[in-house]
Amino acid sequence: GASVALSISDIPFGGPTAAVNVGYVDGQIVINPTVAQREHSRLKLTVAGTMEKVTMIEAGADEIPNDTMLDCIKAGHEEIKKLCKFIEGIKEEVGKPKFEYVSFATDKDVYAEIKENFKERMYQDVQAVDKEVRDANMDKLAEDIQAYFVEKYGEEETEAKSTEIANSIHDLEKECVREMIFKEHKRPDGRRIDEIRPLSCEVGVLPRVHGSAIFTRGQTQVLSVVTLGTKSEEQELDGLDEEESKRYMHQYNFPSYSVGEARPSRGPGRREIGHGALAEKALVPVIPSEDEFPYTIRVVSEVLSSTSQASICGSTLALMDAGVPIKKPVAGISTGLVTSKENPDEYVMLTDIQGIEDFFGDMDFKVGGTKDGITAIQVDIKNDGLTYDIIKEAFERTKVARDYILDEIMKPQIAEPRAELSKYAPRIITTTINVDKIKDVIGPGGKMINKIIDATGVKIDIEEDGRVCIYTDDAENGKKALKMIEDIAKDIEVGKVYDGKVTRIMNFGAFVDLGVAGKEGLLHISKISKERIKKVEDVLAVGDEIKVKVYEIDNQDRINLTMKDLEENKENKEEHVEE
C-alpha cells in the first residue's frame with residue numbers, strides 16, 4: 001500500500017517495492033498462507049523486495065535447512081516481482097511526474113581537503129583493536145581537523161562550515177573502513193573476514209535465580225536470567241493477531257551504560273524490541289510443550305556491553321542452567337557486507353560484525369538456529385538490496401559460525417539441560433479432573449479452591465479441559481492439595497468407604513461431610529451400629545472423624561450412609577461410649 005502511494009505521488013522513490021508472507025506446510029512452499037495453514041507451517045517468513053533484489057527478510061522457523069530457506073525466499077521474490085509489475089501499471093496510468101530535489105550531500109571541496117590532509121592518519125587510527133581506543137582516536141582526529149580549519153580559515157568561517165566538516169569526517173571514516181575491508185580484506189580490529197571475535201561463556205552466575213548465564217563475544221557481553229512461573233503468569237496479548245497469550249517470553253534490556261553513555265532509562269525502544277523479538281523467535285522452536293513442561297518461562301537479557309546475537313546464546317545457556325528441557329541448543333551470529341562502489345555485484349562478506357562494520361557496511365544479516373537448521377532471521381540493509389548469491393553465502397557463513405559456537409564454546413560449559421530444577425523454582429504437580437467437576441473444585445465464588453490454597457499455601461491453575469497444575473515449594477503441601485482436589489473431583493460411589501466428618505446431629509441421625517465436592521450424606525441412627533442406640537449423641541459428636549460407607553443414592557441424589565460392619569469405627573465408638 002505504501003509502495004503504491006509513493007509510486008503514484010510526485011515524491012522521488014526508488015521503488016516500487018512489495019512484500020509477501022511465506023509458509024512451509026507439509027513440505028510445500030505456500031505464499032501468503034491462510035490462518036489454518038499457518039497453524040501447521042514450519043515457517044513464518046516475511047520477504048520484501050524490488051523487481052531486481054530482496055530488500056528485507058524476517059523469519060521465525062522450525063529448524064529449516066539453508067537450501068529450503070533460500071528456496072522459500074526465492075519463491076517469495078517471484079511473487080514480489082508480479083506485485084511490482086502490477087504497481088508499475090498503476091503508476092503508468094495515474095502517476096504524477098516526480099519533482100526535482102536539492103541534494104544535501106557533503107560539500108565536495110571540504111571533503112577533498114580533509115581527505116588530502118588526513119586520510120592516511122584516519123586509515124591508521126580506525127584500525128585500533130579496542131573500541132574505546134578507536135573512539136578516542138576519532139575524537140582526537142576530529143579536534144585536530146577542527147584546529148586545522150581554524151588556523152587556515154579562522155574561527156568564523158570554520159564555524160560556518162562546522163556541519164560540512166563533521167559530515168566529511170564521518171564520510172572519510174566510512175570510506176577508510178570500507179576500502180580497508182574491500183581492497184585489503186582487513187578489518188578494523190585485525191580479524192580475518194570469516195573470523196569470530198574471542199568467545200567465552202559461563203552458567204550459574206547468579207545463585208538465587210532459577211537459571212543464569214553470561215555470554216561474551218569480543219567486547220560485547222550479555223547476562224541472561226531465567227524465571228519459571230505458573231500457568232496463570234502467562235503474558236496476555238492485546239492485539240490483532242490470533243495469539244492471545246504466550247508462555248515463553250524474552251525481554252532485552254539495553255541500558256545506556258552498555259555503550260558508555262549516560263541517559264535516562266525509559267521504556268524499551270525500537271532496538272530493544274527488535275533484538276528481544278529475534279532472540280525469542282530463535283528459541284521458540286526448542287521450548288518444550290506445556291504438556292512436557294507446564295511452566296511459564298521468562299528470559300531477560302541484560303546487555304552489559306552492546307550486543308544482540310549474544311542474547312540468543314546467553315538465553316540458551318540460561319535455560320539449560322534452569323533445567324528447562326529445551327530440545328536443542330540454539331546459537332546466533334551475524335554477517336556483514338561491503339560492496340564495490342563501481343560494481344555492486346562485487347562484494348566482501350564479513351562474519352560476526354562489530355558496531356563500526358555494521359555502521360559503515362551495507363548489511364547486518366542476523367541468523368539464529370540449531371545444528372540442524374534456522375530458527376530465526378532478521379536482516380537490515382543499507383544498499384539497494386541483496387542478490388540470491390549474497391543470501392546463500394550469508395546462510396553458509398552463519399551455519400559454520402553457529403556450529404563452532406555450539407560445539408566449541410557452549411557445549412563444554414553445559415552440554416544439556418540440568419536434570420533438576422533450581423531449588424528456588426516452584427515445583428509442579430499435575431492431574432486431570434472431569435470437566436464437569438471443575439465448578440465443584442472452584443466452588444461458589446471460589447470458596448473451595450481458596451480453602452485449599454489457604455490450607456496448603458500452594459498456587460493452583462485449572463484449565464478448561466480439566467488439567468490442574470499445583471505449584472508449591474513444599475512437596476508435602478503439594479500432595480495435600482492434590483488429595484483435596486482429587487477428593488472433591490471424585491464421584492460418590494455406592495459401596496465405597498469414605499473418611500467423613502460429623503457436621504450436624506439430629507434426633508434421627510447425623511449428617512456427615514464426605515470430603516468430596518462438599519457432599520454430605522445422612523447416617524441414620526439405625527445405621528450407626530448393629531446394636532440399638534437410643535440417642536445419636538451417645539455415640540457421635542459434631543467434629544468426630546469417622547469412616548462411612550455409601551449404601552444408597554436415591555432418586556433425589558440424597559446420599560445415605562452406614563457405619564455397620566466397619567471395623568475401623570469400633571474402637572472409636574467404644575472409647576466414646578466409655579467417656
Side-chain angles (χ1 to χ4, degrees), residues 18-49 54 56-80 82-83 231 234-250 276-297 299 312 315-316 319 324-330 332 366-379 391 395 398-399 402 430 432 435 463-467:
V20 293
N21 289 324
V22 183
Y24 192 66
V25 184
D26 298 329
Q28 299 296 316
I29 297 172
V30 181
I31 303 297
N32 293 329
T34 63
V35 173
Q37 288 173 324
R38 287 202 296 269
E39 287 178 4
H40 299 96
S41 178
R42 292 182 56 203
L43 174 67
K44 187 176 182 182
L45 168 68
T46 302
V47 186
V54 174
M56 190 276 285
I57 305 168
E58 176 118 11
D62 184 11
E63 298 185 279
I64 298 292
N66 289 353
D67 293 343
T68 304
M69 184 66 79
L70 183 59
D71 289 342
C72 291
I73 292 169
K74 287 179 178 179
H77 192 218
E78 288 304 313
E79 293 299 317
I80 286 168
K82 297 175 187 176
L83 290 166
K231 170 73 176 166
E234 284 186 350
Q235 183 177 9
E236 293 183 9
L237 304 176
D238 295 323
L240 300 177
D241 218 338
E242 297 87 32
E243 195 177 13
E244 296 179 351
S245 66
K246 58 182 178 182
R247 56 180 282 268
Y248 170 69
M249 60 203 87
H250 178 270
L278 175 65
E280 185 173 289
K281 281 181 185 175
L283 271 297
V284 163
V286 301
I287 296 296
S289 69
E290 191 177 327
D291 290 337
E292 297 171 278
F293 192 73
Y295 286 91
T296 294
I297 308 163
V299 182
I312 295 176
S315 296
T316 297
L319 286 164
V324 178
I326 61 172
K327 295 164 189 171
K328 295 173 189 174
V330 180
K366 309 181 191 76
V367 182
T370 66
K371 294 265 290 180
D372 296 320
I374 295 168
T375 57
I377 304 173
Q378 194 178 83
V379 181
I391 296 169
F395 285 157
T398 52
K399 175 71 168 71
R402 283 201 323 268
T430 59
T432 302
V435 173
E463 298 297 308
E464 292 180 357
D465 61 2
R467 285 181 297 163

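Given the structure is predicted, the values throughout are model-derived calculations rather than measurements. By convention here, the first residue in the shown sequence is residue 1.
With rounding to the nearest 0.5 Å, the separation of CD1 in Ile73 from CD in Glu78 is 13.0 Å. For the atom pair CG of Asn66 and CD1 of Ile391, the computed distance is 12.0 Å after rounding to the nearest 0.5 Å.
Remark: side-chain polar atoms of Arg42 are paired, donor with acceptor, to backbone N or O of Asp62 under 3.5 angstrom. Side chain of Thr398 to main chain of Val367: no donor-acceptor pair is present (N/O by atom type, distance under 3.5 Å, no hydrogens or angles). For the pair Glu280 (side chain) and His250 (backbone), a donor-acceptor distance under 3.5 Å is present. Put simply, the side chain of Arg247 never gets that close to the backbone of Ile297: no donor and acceptor are under 3.5 Å apart. Between the side chain of Ser245 and the backbone N or O of Gln235 there is no donor-acceptor pair closer than 3.5 Å. With Thr316 contributing its side chain and Ile312 its backbone, the two residues share a donor-acceptor pair below 3.5 Å. The backbone N or O of Asn21 lies less than 3.5 Å from a partner atom in the side chain of Asn32, making a donor-acceptor pair. A distance-only check finds no donor-acceptor pair linking the side chain of Gln28 to the backbone of Val25 [under 3.5 Å]. At distances below 3.5 Å, not a single donor-acceptor pair connects side-chain atoms of Asp372 with backbone N or O atoms of Glu63. Of the possible donor and acceptor atoms, one in the side chain of Lys399 sits under 3.5 Å from a partner among the backbone N and O of Lys371.
Closest heavy-atom contact between Met56 and Glu58: SD-N, 3.8 Å. A pairwise comparison of heavy atoms in Ser315 and Val299 identifies OG-CG1, 3.5 Å as the closest pair. Shown here for Gly368 and Val330, the closest heavy-atom pair between the two residues is C-CG1, 4.5 Å. Looking at every heavy atom in both residues, Ala61 comes nearest to Pro285 through O-CG, 3.0 Å. In terms of heavy-atom proximity, Ile377 sits nearest to Leu278 at C-CD1, 4.0 Å. In terms of heavy atoms, Leu43 sits closest to Cys72 at CD2-SG, 3.6 Å.
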In sequence, state the C-alpha distance, the side-chain angles, and the governing distance for Thr375 and Val284, and then conclude on side chain to side chain contact (heavy atoms under 4.5 Å, CB included).
CA-CA 8 Å; Thr375 57; Val284 163; over 6 Å; no
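Counting heavy atoms from C-beta outward, Ile374 and Thr68 have side chains that stay 4.5 Å or more apart. Taking 4.5 Å as the limit, every side-chain heavy atom of Lys74 sits out of range of all side-chain heavy atoms of His77. Side-chain contact between Tyr248 and Leu283 is present, with at least one heavy-atom pair separated by less than 4.5 Å. Contact of the Pro325 side chain with the Pro288 side chain is registered, since non-hydrogen atoms from C-beta on lie closer than 4.5 Å. Gln37 places none of its side-chain heavy atoms less than 4.5 Å from the side chain of His40. Side chains of Leu237 and Glu244 form no contact here, defined as non-hydrogen atoms less than 4.5 Å apart.
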